[in-house]
Amino acid sequence: MEAWARIGSTSFKQRIATVLWLSFLMAGIATGFFFSVIDPLELKYCVGFPEVNRTAAYSIGFLLFWLLTATSSLLSALFIYPTK
């Protein structure tokens with residue numbers, strides 16, 4: 001029970017840093033899985049940016065996965081442990 005009491009007493013900045021770090025790690029894993037199945041050059045037929053190279057596609061994909069996981073994790077953390 002002490003662990004649950006300590007979680008509620010963490011600062012808002014610490015929660016944000018934890019969410020960003022964990023979502024960064026998960027975005028790296030998601031990017032690896034996604035681009036191991038889908039070739040970035042094949043995506044140019046689905047989006048309106050045909051001049052995007054592989055490196056740019058990897059970067060954009062990583063940032064989108066990071067945004068998705070960070071938003072999801074942050075909302076979960078705020079709903080479960082609201083600040084006082």
Side-chain angles (χ1 to χ4, degrees):
M1 286 302 208
E2 290 180 27
W4 289 107
R6 280 195 315 253
I7 290 173
S9 65
T10 57
S11 70
F12 184 72
K13 289 180 185 179
Q14 186 177 4
R15 291 179 193 178
I16 296 292
T18 303
V19 163
L20 288 177
W21 175 244
L22 293 176
S23 63
F24 177 84
L25 294 176
M26 288 308 300
I29 292 169
T31 303
F33 282 138
F34 182 79
F35 286 115
S36 66
V37 175
I38 296 174
D39 183 21
L41 295 181
E42 295 294 323
L43 290 176
K44 70 180 179 180
Y45 302 114
C46 300
V47 295
F49 306 109
E51 64 276 353
V52 172
N53 60 9
R54 277 195 170 108
T55 305
Y58 291 142
S59 300
I60 292 168
F62 174 79
L63 290 174
L64 289 175
F65 279 124
W66 194 9
L67 179 67
L68 177 70
T69 55
T71 303
S72 170
S73 300
L74 183 62
L75 287 173
S76 296
L78 290 176
F79 289 149
I80 292 173
Y81 308 110
T83 57
K84 296 177 182 175

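Aromatic ring pairs are classed by plane angle as parallel below 30°, tilted from 30° to 60° and perpendicular above 60°; the pair Phe24 and Trp21 is parallel.
Under the 6.0 Å cut-off for aromatic ring centres, Phe35 and Phe65 do not qualify, their centroids lying 6.0 Å or more apart.
Transitive grouping of hydrophobic side chains (ILVMFWY, heavy atoms separated by less than 4.5 Å) keeps Leu67 and Met26 in distinct clusters.
Checked against side-chain hydrogen bond (donor to acceptor under 3.5 Å, both in side chains), Thr69 has no partners two or more places apart in sequence or in another chain. Remark: Phe33 pairs with Ile29 by the side chain to side chain contact (heavy atoms under 4.5 Å, CB included) rule, at least two apart or across chains.
Of all the heavy atoms in Phe62 and Gly28, the pair that sits closest is CE1-N, 3.5 Å. Nearest approach of Val19 to Ala70, heavy atoms of both residues: CG1-O, 3.7 Å.
Atom CZ of Arg15 sits about 10.5 Å away from atom CG of Leu74, to the nearest 0.5 Å.
Listed by first and then second residue, the side chain to side chain donor-acceptor pair (under 3.5 Å) pairs that reach into residues 31-43 are Asp39-Arg54, sequence neighbours excluded.
In this structure a side-chain-to-backbone donor-acceptor pair under 3.5 Å is missing from Ser72 to Leu68.
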